[in-house]
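By convention in this document, chain letters (A, B, ...) are assigned in the order of the sequence lines, proteins followed by strands, and residues within each chain are numbered from 1. Everything quoted here is computed from the prediction, not taken from an experiment.
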Amino acid sequence: MTQDVEMKEVPAPAPSNSVTAATPSTLQHLKEIASLIESGAYAREVRRILRAVRLTIALRKKLNASVVNAFLNFSLVPGSEVHARLASYLPKEDEHDMEVDTAMSATTALAKHSLPELEIYCYLLVLIFLIDQKKYSEAKACSSASIARVKNLNRRTVEVLASRLYFYYSLSYELTGDLAEIRGNLLALHRIATLRHDELGQETLLNLLLRNYLHYNLYDQAEKLRSKAPRFEAHSNQQFCRYLFYLGKIRTIQLEYTDAKESLLQAARKAPVAALGFRVQCNKWAVIVRLLLGEIPERTVFMQKGMEKALRPYFELTNAVRIGDLELFRAVADKFASTFTADRTHNLIVRLRHNVIRTGLRNISISYSRISLVDVARKLRLDSPNPVADAESIVSKAIRDGAIDATIDHANGWMVSKETGDIYSTNEPQAAFNSRIAFCLNMHNEAVRALRFPANSHKDKESAEKRRERQQQEQELAKHIAEEDDDEF
Amino acid sequence: MDPKLSEVSQLCELFKAALVRNDFDKCATLLSQLKVLLTAFRSLPPLFEATPSAIHELTVARDIYEHAVILSVKTEDQDAFERDFFQLKPYYTDAGDRLPQSQQEFPILGLNLLRLLVQNRIAEFHTELELLSASALENPCINHAVELEQSFMEGAYNRVLTARQKVPHETYVYFMDLLAKTVRDEIAGCSEKAYDSLSINDARQMLMFSSDQELSGYINEEHPEWEIKNGHVIFQKAKESAPCKEIPSLQLITQTLSYARELERIV
């Protein structure tokens with residue numbers, strides 16, 4: 001066998017010269033990841049597998065067909081069903097190279113293939129590769145096959161890999177625009193994850209389902225699912241950010257602006273710095289929600305690094321609302337209509353019209369102690385057949401909603417503003433102070449809770465290898481017992 | 001043709017004829033018969049099986065539910081409207097791509113928006129609105145409801161009232177009348193806060209009453225705290241109940257104690 005390898009290896013470098021520089025190191029990395037997964041699977045340490053997934057994402061750009069192929073040969077039994085299926089998704093360009101690796105791996109790797117973790121990892125790797133290569137129909141086939149396989153596995157250590165698979169499964173369908181097709185499947189997977197107490201899987205799948213619903217603007221269904229799905233402490237920061245973002249969107253549509261603002265801002269703050277697109281989206285929605293609440297976002301929000309251009313339309317919109325000028329508002333809304341439609345915020349912007357009027361009215365009420373309704377209508381630039389009557393009812397509604405403090409004199413047709421009271425005579429400052437203190441204390445508590453300590457580090461004297469041996473023995477023992485149990489029946 | 005399907009089609013024709021004659025009792029009995037018959041078809045929601053005659057069955061079923069919605073408007077039954085509308089909705093959303101678009105689709109969707117507005121279910125109103133495409137929003141029936149909502153939120157109530165004259169569909173009148181009542185209550189609520197007093201004449205005009213008796217009847221019933229004196233309606237009394245300021249001592253104590261506890265945990 002070894003001879004065979006040597007003989008074939010000699011001609012190999014010639015055709016694959018171009019890739020040799022990158023190939024060995026990438027393949028080497030992948031092998032290291034594989035051993036990490038193995039050790040994680042044996043030691044039942046979910047954290048090692050998490051690290052393996054992270055390392056894979058870092059390698060993503062360096063993957064090419066021959067590397068993936070070589071890795072498949074290394075980690076799976078060549079000729080087995082899984083291997084054949086996965087290999088069929090890959091483009092065949094470098095037949096020669098592949099043969100070499102088949103032969104080589106057959107000698108080295110025969111002992112350890114039966115690990116389901118490694119098999120699932122191979123699915124994941126191929127799937128990521130296919131998506132990066134924009135081979136979406138193959139990606140769809142591959143992801144469906146992997147999902148069918150994952151359904152039959154119930155192991156803690158697989159769950160981490162499975163949750164990533166779910167994500168790419170949904171992504172591959174989204175990229176081809178068939179998201180509606182997999183909704184039933186995702187719901188079934190969520191049910192399975194719930195039954196298996198797979199919290200990470202539940203978290204991921206819930207987000208995917210929300211995304212699926214929101215993609216088709218099905219806010220009603222999304223909210224019904226969200227409010228009924230089990231909630232628990234977040235396992236993954238990324239998934240939690242996504243959840244908060246979807247929650248914020250749903251609440252915005254359902255006019256719960258205060259809660260929506262909180263979720264959106266938290267999502268933007270918690271998101272990793274690298275996720276620029278996500279943070280831009282969060283900020284766009286947060287800006288609109290704050291405007292709808294009658295707040296004016298600070299200029300710094302729009303000047304965040306890398307976001308100036310994307311937030312430009314929203315900046316101009318904010319400006320129009322701040323001045324309370326209906327004409328300007330209309331002009332901005334028309335100018336950026338295509339952006340707003342693409343962001344699916346158009347309907348929200350229509351809702352803003354009413355806030356523009358409010359702000360304008362508030363400015364008027366601050367600057368004039370008494371003003372005729374005719375002037376109010378002119379200043380607000382209300383274009384309707386009966387502007388004065390409109391102005392009167394708008395003013396009276398604003399008074400009732402507490403937006404301005406004034407009274408109307410109907411007989412004389414003017415609006416009289418009341419003296420603005422001293423805010424420090426109310427409970428307002430104290431409430432604001434309290435909410436800030438609560439925020440700081442909460443932050444501290446969460447930070448303490450997030451601290452992580454290595455398990456039993458002070459008394460753990462046995463080396464990693466010894467522990468692995470012991471655990472393997474334990475496992476075998478368990479297997480024996482299980483077999484004996486089976487025999488009895 | 002399938003005998004069951006032809007039976008449904010015949011009954012459907014009878015039902016529609018009865019609806020045109022405004023024979024509501026007949027309609028109700030026919031409709032309940034039809035609904036029972038429809039449960040036998042496997043091509044209808046929620047199963048959506050692709051049977052050979054699926055398209056025809058879906059079209060007939062949609063037709064029936066559309067007329068059921070119109071019937072509920074004519075009988076002024078809002079609960080029935082909601083039920084029938086939800087039964088109809090899957091035909092627009094889930095089977096929409098397989099069927100030719102219905103003439104009734106936009107009027108009925110607009111009607112539903114109007115119903116949500118009348119019942120003051122604004123959150124659901126906006127949720128429904130998100131489901132509509134940009135081209136659907138330009139349809140006069142939908143646009144009517146959207147503009148009404150805007151005027152309503154702004155407080156431009158007379159625009160809401162003038163909109164009644166240009167309803168896009170005759171079935172809208174029922175909900176517009178209901179909306180007028182909602183608007184009157186809104187105006188009354190706003191006036192109470194915005195004016196110190198109004199002359200009876202102005203108040204009558206503003207609240208859209210044709211006579212002073214109607215006005216005083218309304219005041220007695222809905223707002224007994226208003227006072228009528230010297231030809232004026234005086235709202236002042238309602239305002240006097242402003243809360244007097246006091247120190248919220250209990251709340252302050254609990255807050256301070258919780259700060260102390262939290263600080264203790266940190267140090």
Checklist outcome for this item: Of A:Asn434, A:Ile437, A:Leu441, the largest count of non-hydrogen pairs under 4.5 angstrom with chain B goes to A:Asn434
Item to check | B:Tyr259 atom OH, neighbour heavy-atom count above 12 within 6.0 Å | outcome: yes
Next on the checklist: Pairing donors with acceptors under 3.5 angstrom, does anything connect the side chains of B:Glu124 and A:Gln254?
Outcome noted: no
Next on the checklist: So for B:Ile122, is it side chain, backbone, both, or neither that comes closer than 4.5 Å to the heavy atoms of chain A?
Outcome noted: both
Checklist entry - Going from CD on B:Glu130 to CD1 on A:Ile250, what distance comes out if it is rounded to the nearest 0.5 angstrom? => result 12.0 Å
Item to check | A:Lys379 NZ: over 12 foreign heavy atoms closer than 6.0 Å | outcome: no
Checklist entry - Side chain, backbone, both or neither: which part of B:Gln150 has an atom under 4.5 Å from a heavy atom of chain A? => result side chain
Checklist entry - B:Glu154 and side chain to side chain contact (heavy atoms under 4.5 Å, CB included): which partner among A:Val356, A:Asn355, A:Ile357? => result A:Ile357
Checklist entry - Among A:Arg358, A:Gln430, A:Arg351, which residue forms the greatest number of heavy-atom pairs with chain B at distances under 4.5 Å? => result A:Arg351
Checklist entry - Nearest 0.5 Å, what's the CD1-SG distance between A:Ile408 and B:Cys190? => result 9.0 Å
Checklist entry - Is atom CZ of A:Arg211 surrounded by more than 12 heavy atoms (other residues, nucleotides or ligands) closer than 6.0 Å? => result no
Checklist outcome for this item: Pair count under 4.5 Å, heavy atoms only, with chain A: among B:Met153, B:Glu128, B:Glu149, highest is B:Met153
Item to check | B:Leu250 atom CG, neighbour heavy-atom count above 12 within 6.0 Å | outcome: no
Next on the checklist: Heavy-atom cut-off 4.5 Å, strictly under: side chain, backbone, both or neither for B:Glu186 against chain A?
Outcome noted: both
Item to check | Side chain / backbone / both / neither for A:Leu218 at chain B, heavy atoms under 4.5 Å | outcome: both
Checklist entry - Checking heavy atoms, do the side chain of A:Glu256, its backbone, both or neither come under 4.5 Å from chain B? => result neither
Checklist entry - Between A:Thr407 and B:Asp196, what is the shortest heavy-atom contact and its length? => result CG2-OD1, 4.1 Å
Checklist entry - Would you say B:Asn230 has more than 12 foreign heavy atoms packed within less than 6.0 Å of its CG? => result no
Checklist entry - Around A:Tyr368, counting heavy atoms of other residues, nucleotides and ligands shown, do more than 12 lie under 6.0 Å from its OH? => result no
Next on the checklist: Can you tell me if B:Arg121 has over 12 outside heavy atoms packed within less than 6.0 Å of its CZ?
Outcome noted: yes
Checklist entry - What is the distance from atom CG of B:Leu137 to atom CG of A:Asn347, rounded to the nearest 0.5 Å? => result 5.5 Å
Checklist entry - Can you tell me how far CZ of A:Phe433 sits from CD of B:Gln255, rounded to the nearest 0.5 angstrom? => result 10.0 Å
Checklist entry - Can you pull the side-chain hydrogen bond (donor to acceptor under 3.5 Å, both in side chains) pairs that have at least one residue in residues 386-398 of chain A, sequence neighbours excluded? => result A:Ser384-A:Asp390, A:Asp390-B:Asn158, A:Asp390-B:Arg159, A:Glu392-A:His410, A:Glu392-B:Tyr195
Checklist entry - Highest number of heavy-atom pairs under 4.5 Å with chain B: which of A:Met415, A:His354, A:His346? => result A:His354
Checklist outcome for this item: On a heavy-atom basis, the closest approach of A:Ile394 and B:Ala156 is CG1-N, 4.1 Å
Item to check | Other residues, nucleotides, ligands: >12 heavy atoms within 6.0 Å of B:Arg98 CZ | outcome: yes
Checklist outcome for this item: Rounding to 0.5 Å, atoms OH (A:Tyr219) and CG (B:Leu131) come to a distance of 9.5 Å
Checklist outcome for this item: Rounding to 0.5 Å, atoms CD1 (A:Ile253) and CZ (B:Phe125) come to a distance of 12.5 Å
Next on the checklist: Using every non-hydrogen atom in the two residues, find where B:Lys193 and A:Ile399 come nearest and quote the distance to one decimal.
Outcome noted: O-CG2, 3.8 Å
